[in-house]
Amino acid sequence: MSGEVPGAMRAAVDAAKEKVARLHAELPRWELVVWTAGNVSERVRGVDGHPDLLVIKPSGVTYDELTPEAMVVCDLDGALVEGDRAPSSDTAAHAYVYAHMDEVGGVVHTHSTYATAWAARREPVPCVLTMMADEFGGDIPVGPFALIGDDSIGRGIVETLRESRSPAVLMAQHGPFTVGADAKAAVKAAVMCEEVARTVHIARQYGEPKRIEQAKIDSLWERYQNVYGQADEHGQADEHTTTEHDGVVATEEPTA
Ligand SMILES: O=C(CO)[C@@H](O)[C@@H](O)COP(=O)(O)O
């Protein structure tokens, strides 16, 4: 174990442990994982000259055992800083993303069925739905095949996401990784990634859906990223109504 949690970061680390433990329950809830095959982390920004840390689940522990106390803390080299169990086997990938994408505050990895089927085929999910334009700003890209155990998965995630607006990448023949401003945003991206992967898969059973024109994708992306879910100048919420369930925002389509 290297170092320890600095006193000035103690409260923020404990808050992140609480949040990351709670968000892990969203993975089985939205049917994104079987057994322990998924993980969530959140960055804790360094203060007083201390480096950033990350909070992630311990490896191989079932979700019903994931309490805040069970969470582990690592540095951005993936080394264990605090915790009495080995960190997730994907910690190096999470750490590499945080070290190379400063805007990212949360990372999620799952093997959700439909997204992983697209990853098995090494096929990007084409942007044929307005929800994809909203959430992903275009196609969901495929990253390179990479073995677990060093920073090659993390490098593949970063190289792919740097070329896309998408918060999700399908790592070839492995599964989706998603990022967000915090762990909740990354979990939402994982939920939406599986949803659109399933919908497009089903649509293709009956023909090839048409990709939305790029200009319309851009317009949808701009609206959703900058207006959706916020009050307009009259204090009215956007046409969608959003409800938050246990840390994940669900949306309902505008009423007729
Ligand atoms: O895919 C893999 C291992 O290949 C992991 O994402 C999955 O088994 C979850 O591992 P952890 O329990 O987070 O160590």
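FYI, side chains are in, hydrogens and waters are out, and symmetry mates aren't considered; it's all heavy atoms of this structure. Counting starts at 1 for both ligands and their atoms, following the listed order.
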For [atom], what is the nearest protein heavy atom, given as residue, atom name and distance?
atom: atom 11 (P) of ligand 1; answer: S89 OG, 3.5 Å
atom: atom 3 (C) of ligand 1; answer: I148 CD1, 3.9 Å
atom: atom 9 (C) of ligand 1; answer: T36 O, 3.4 Å
atom: atom 7 (C) of ligand 1; answer: A37 CA, 3.9 Å
atom: atom 5 (C) of ligand 1; answer: D90 OD2, 3.1 Å
atom: atom 1 (O) of ligand 1; answer: H111 NE2, 2.7 Å
atom: atom 13 (O) of ligand 1; answer: S88 OG, 2.7 Å

What heavy-atom pair brings A115 and C193 nearest, and what distance separates the two atoms?
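For A115 and C193, the tightest heavy-atom pair comes out as CB-SG, 4.0 Å.
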Taking all non-hydrogen atoms of both residues into account, name the closest pair between A190 and V108 and its distance.
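Minimum heavy-atom contact is CB-CG1, 3.8 Å.
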Is it the case that the side chains of [Y] and [X] hold a donor-acceptor pair, with the cut-off being a distance below 3.5 Å and no angle test?
X: T62; Y: E65; answer: yes
X: Y96; Y: S152; answer: no
X: E26; Y: W30; answer: yes
X: H109; Y: H94; answer: no

Report yes or no: is the cationic atom of R223 (NZ for Lys, CZ for Arg) closer than 6.0 Å to the six-membered ring centre of W221, at no more than 45° off its axis?
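No; the conditions do not both hold, so R223 does not lie above the ring face of W221.
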Determine yes or no for a side-chain-to-main-chain donor-acceptor pair under 3.5 angstrom, with K57 supplying the side chain and V20 the backbone.
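Flag not set: sc K57 to bb V20 has no pair under 3.5 Å.
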Can you list the steps and then say if S41 with Y98 is a side chain to side chain donor-acceptor pair (under 3.5 Å)?
CA-CA 10 Å; S41 71; Y98 290 128; 2.6 Å; yes
Would you mind listing which atoms of ligand 1 come within a distance below 4.0 Å of any non-hydrogen atom of [X]?
X: K57; result: 11 (P), 12 (O), 13 (O)
X: H109; result: 1 (O), 6 (O)
X: N39; result: 6 (O), 9 (C), 13 (O)
X: H174; result: 1 (O)
X: S59; result: 11 (P), 12 (O), 14 (O)

Any nitrogen or oxygen of G60, main chain or side chain, under 3.5 Å from a nitrogen or oxygen of ligand 1?
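Looking only at distances, the answer is yes, because the N/O contact criterion of under 3.5 Å is met.
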